[in-house]
Novice: 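This structure is in structure tokens; I'll ask about it shortly.
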Amino acid sequence: METPGRQATNRDIAERLAFMARLLGIAGEDRYRLAAYERAARQIDRLSFPVAGLDEEELTRIPGIGDRIAGQIHEIAATGTFGELVGLQATLPGSLVELLDIPGVGPRTLHVLYKRLGIQSLDDLEQAVKGHRIRALPGFGAKKERAISRGIRQFRQRSDRMTRPQADGVLASVAALFMDGEYVAAGSYRRGSSTIGRLEIVAAEDRDALADHLSSAGTVTRESAERISLSVAGAEVNVRFTETGRCGTALLCATGSCGFLARLGEVAFARGYRLGPDGLQDTSNGRLHTFSSEEEVFSFLGMAAIPPELREDRGEIDLALQNALPDLVDLSDVRGDLHAHTTWSDGRQSLDNVAEAGDARGYEYIVITDHSSRVRPEALAKQQAEIERTNRRHTCRLLAGSEVDIKSDGTLGYENRVLADLDVVIASVHSGFAQDQDVLTRRVLTAMENEHVDIVGHPTGRLIGRRPAYAVDLLRVMKHAAETGTALEINASPHRLDLEDIYIWHAKKEGVKLAAGTDAHRSGEFANMRYGILLARRGWCTPDDIINTLSLSALLEWAS
DNA sequence: GCCGTTTTCGGCCCGACTGTTTTCAGTCG
């Protein structure tokens with residue numbers, strides 16, 4: 001645990017405190033004590049200065065840190081951990097903590113499972129479910145047992161694919177090894193996929209000179225003349241080497257997808273060439289044509305250059321041959337953000353922070369969409385007045401909106417007279433995820449029939465790697481969206497990315513408009529718009545399909 | 001455990017939903 005010579009970072013300290021909170025929960029301690037550790041951990045993680053150097057008196061001046069936790073932070077800074085944590089850890093099996101990540105299993109539930117049934121691991125829990133031992137516990141029943149069973153299934157299905165920010169993190173640690181501009185991230189990363197399995201890198205550098213550097217960044221798992229595979233922080237990274245003059249085909253082949261490359265290979269073959277990473281080989285005389293850019297390859301084959309996001313073999317090759325590819329939306333077409341939270345609900349940013357972020361991004365507007373469940377109608381009226389005042393200080397115009405709950409009985413979180421005063425209304429499902437398809441779908445359809453609802457937020461509710469989509473029938477939703485003129489959201493949070501590309505593509509075909517929104521809870525998250533636009537491009541969207549490419553006046557007219 | 005006092009103990013963010021103990025506790029966002 002102790003790392004001599006390295007000062008504990010705020011993250012290190014926050015992790016210890018958050019871990020303490022989890023252990024206290026399992027041990028059945030007072031929930032407010034547990035919440036105090038969680039709060040302290042969040043607070044430390046958010047601070048911009050390192051706390052390891054502060055003395056205890058200075059530490060207690062931080063809100064949420066009292067004498068006790070100050071002493072523990074001091075101890076963590078000195079030794080890497082703290083005695084009380086170690087002591088508590090010794091009384092609990094190590095495998096227990098991860099069970100808290102099972103949906104439906106919170107600290108109280110886990111405490112009872114451990115104390116009454118001696119459950120220590122995922123396997124133990126699964127056995128207890130199978131043996132119907134959970135429903136027999138006081139305070140538990142058959143439904144709770146089934147909920148845990150469902151939770152275990154979801155937990156086991158968690159994918160090990162990286163989210164885009166995770167991939168960016170891995171890329172950053174590898175990129176430090178390359179010279180500027182001498183490498184490109186290819187593969188599904190470059191195609192803009194919402195999750196990434198393996199990071200493919202094409203490097204136009206000398207392989208042998210780089211090999212040593214690469215082995216210092218991670219464990220080398222495979223090595224050949226053309227490539228080196230590494231494991232970096234548990235992620236698979238594949239580096240392929242090429243020369244500047246052959247980058248075109250090397251990048252094309254490394255970007256994929258399989259289906260796309262197979263189809264493109266057929267096109268090349270029909271013209272008398274064999275496509276490979278080194279170039280196009282003339283099948284009649286074996287002569288190799290090399291290309292330094294992808295554009296040259298496409299042009300040589302007599303087709304328009306296909307953007308990486310379209311390379312999925314969904315008909316793009318035929319269109320490229322007819323020079324009829326869609327003119328895809330670009331990040332620079334975006335004039336505003338349609339989904340943002342503030343401290344009025346669960347966001348960490350003020351209205352001013354949002355407007356500043358909008359100014360910095362050159363936006364014409366950002367819609368403030370705090371949760372209806374957290375803002376009473378009277379407070380919403382106050383917020384609207386505050387928005388007016390904020391707008392006097394900024395170029396970017398804040399619009400009054402709401403993310404109104406579609407409640408489990410299908411009604412909305414605000415009455416119509418409240419919704420009528422808002423510029424833009426997003427309606428979202430935040431509860432009743434386990435409802436069956438028809439009930440859930442009808443909730444969404446009913447919400448769309450409300451004349452004030454402009455957008456359906458995160459239409460499937462999935463959380464990447466953590467929660468599957470709820471059972472909504474998207475085809476019915478799309479048809480009804482087209483009929484009612486309701487837009488469907490492309491939620492650009494890298495943890496949601498909802499709608500997924502294929503549904504965006506369907507929605508566009510149905511004539512449904514799409515609304516790209518970051519769901520930003522803090523100002524740094526407005527930059528996530530790039531993920532949403534990648535997804536829109538993968539769904540073949542042009543600027544016309546995306547309502548936040550509209551000017552402010554056109555948007556207000558659309559929403560009215 | 002922290003905080004703010006009506007300064008040494010009582011309240012802690014909160015609403016929706018779910019399941020169960022059918023009135024409240026646990027989970028979630």
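Just so it is clear: chains get the letters A, B, ... in the order the sequence lines come, proteins before strands, and each one is counted from 1.
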Novice: What residues form a ring-ring contact (aromatic ring centres under 6.0 Å, His included) with A:Tyr470, not counting sequence neighbours?
Specialist: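 Partners of A:Tyr470 by the ring-ring contact (aromatic ring centres under 6.0 Å, His included) criterion, ordered by chain and then number, come out as A:Phe433.
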Novice: The criterion is salt bridge (charged side-chain N to carboxylate O under 4.0 Å, His left out); which residues satisfy it with A:Glu386, sequence neighbours excluded?
Specialist: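 Result, salt bridge (charged side-chain N to carboxylate O under 4.0 Å, His left out) vs A:Glu386: A:Arg389.
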Novice: Atom CG of A:Leu137 to atom P of B:dA25: distance rounded to whole Å?
Specialist: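 Atom CG in A:Leu137 sits about 18 Å away from atom P in B:dA25.
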Novice: As an exercise, state the distance from CD1 of A:Ile73 to CD1 of A:Ile65, rounded to the nearest 0.5 Å.
Specialist: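 Output value for this atom pair is 4.0 Å.
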Novice: Using atom C1' of each nucleotide, how far apart are B:dT23 and B:dC17 to the nearest Å?
Specialist: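 My reading of the C1' atoms in B:dT23 and B:dC17 gives 15 Å.
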Novice: For a quick check of understanding: with a heavy-atom distance under 4.0 Å over all strands, which category does A:Arg467 fall into, base, sugar-phosphate or nothing?
Specialist: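 Sugar-phosphate contact only.
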Novice: Both distances under 3.5 Å, Watson-Crick or G-U wobble: report the partner of B:dG1, or none.
Specialist: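 Result: B:dC12.
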Novice: Which letters describe nucleotides 1-9 of chain B, given B = protein heavy atom under 4.0 Å from base, S = only from sugar-phosphate, - = neither?
Specialist: BSS------
Novice: Using a 3.5 Å cut-off and no angle test, enumerate the donor-acceptor pairs between side-chain atoms of residues 113-120 of chain A and protein atoms at least two apart in sequence or in another chain.
Specialist:
none

Novice: Let's see if you get this right: which residues in residues 106-120 of chain A place a heavy atom under 4.0 Å from DNA chain B?
Specialist: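 The answer is A:Gly106, A:Pro107, A:Arg108, A:Thr109.
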Novice: Write down the distance separating the P atoms in B:dC12 and B:dT5, rounded off to the nearest Å.
Specialist: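 Nearest-Å result for B:dC12 against B:dT5 at atom P: 15 Å.
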Novice: Using a 4.0 Å heavy-atom cut-off across all strands, classify A:Gly104 as base, sugar-phosphate, or nothing.
Specialist: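 Result for A:Gly104 = sugar-phosphate.
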Novice: How many whole angstroms separate atom CD of A:Gln154 from atom P of B:dT27?
Specialist: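 In whole Å, B:dT27 P and A:Gln154 CD are 16 Å from each other.
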Novice: By the rule that syn is within 90° of 0, classify the base conformation of B:dT8 as syn or anti.
Specialist: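 In terms of base orientation relative to the sugar, B:dT8 is syn.
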Novice: Check side-chain hydrogen bond (donor to acceptor under 3.5 Å, both in side chains) between A:Asp55 and all other residues, then give those that pass, not counting sequence neighbours.
Specialist: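 By the side-chain hydrogen bond (donor to acceptor under 3.5 Å, both in side chains) rule, A:Asp55 matches no residue at all.
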Novice: Take nucleotides 14-20 of chain B nucleotide by nucleotide from the 5' end and write B, S or -, depending on whether a protein heavy atom sits under 4.0 Å from the base, only from the sugar-phosphate, or from neither.
Specialist: -S-SSSS
Novice: Considering only the P atoms, how many Å lie between B:dC9 and B:dC14, rounded to the nearest integer?
Specialist: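 To the nearest whole Å, 25 Å.
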Novice: With rounding to the nearest 0.5 Å, note down the distance linking CZ in A:Phe19 to CG in A:Leu24.
Specialist: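 Between A:Phe19 CZ and A:Leu24 CG, I get 11.0 Å after rounding to 0.5 Å.
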Novice: Among residues at least two apart in sequence or on other chains, which ones pass salt bridge (charged side-chain N to carboxylate O under 4.0 Å, His left out) with A:Arg68?
Specialist: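 With neighbours one apart ignored, the set is A:Glu84.
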Novice: By side-chain hydrogen bond (donor to acceptor under 3.5 Å, both in side chains), which residues pair with A:His430, not counting sequence neighbours?
Specialist: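 Residues passing side-chain hydrogen bond (donor to acceptor under 3.5 Å, both in side chains) with A:His430: A:Glu403, A:Asp405, A:His458.
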Novice: Considering only the C1' atoms, how many Å lie between B:dT8 and B:dC2, rounded to the nearest integer?
Specialist: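 Result for the C1' pair: 14 Å, nearest Å.
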Novice: Suppose you measure atom P in B:dG11 against the same atom in B:dT6; what distance do you get, rounded to whole Å?
Specialist: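 Going atom to atom, P in each nucleotide, I get 15 Å.
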Novice: Would you give me the side-chain donor-acceptor pairs under 3.5 Å for residues 147-154 of chain A, sequence neighbours excluded?
Specialist:
none

Novice: Kindly list each side-chain donor-acceptor pair under 3.5 angstrom involving residues 97-109 of chain A, sequence neighbours excluded, with atom names and distances?
Specialist:
| residue | atom | partner | partner atom | Å |
| --- | --- | --- | --- | --- |
| A:Asp101 | OD1 | A:Arg22 | NH2 | 3.0 |

Novice: Is there side-chain contact between A:Asn548 and A:Tyr365, with at least one heavy-atom pair below 4.5 Å?
Specialist: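 In contact.
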Novice: CD of A:Gln43 versus P of B:dC13: gap in Å, rounded?
Specialist: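 So the CD-P distance, A:Gln43 to B:dC13, works out to 13 Å.
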Novice: Who passes ring-ring contact (aromatic ring centres under 6.0 Å, His included) against A:Tyr32, sequence neighbours left out?
Specialist: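 Partners of A:Tyr32 under the ring-ring contact (aromatic ring centres under 6.0 Å, His included) test: none.
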Novice: When the P atoms of B:dT20 and B:dT27 are compared, how many Å lie between them, rounded to an integer?
Specialist: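 Approximately 13 Å lies between the P atom of B:dT27 and that of B:dT20.
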Novice: A:His521 NE2 to B:dG29 C1': how many Å, rounded?
Specialist: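 About 9 Å, once rounded to whole Å.
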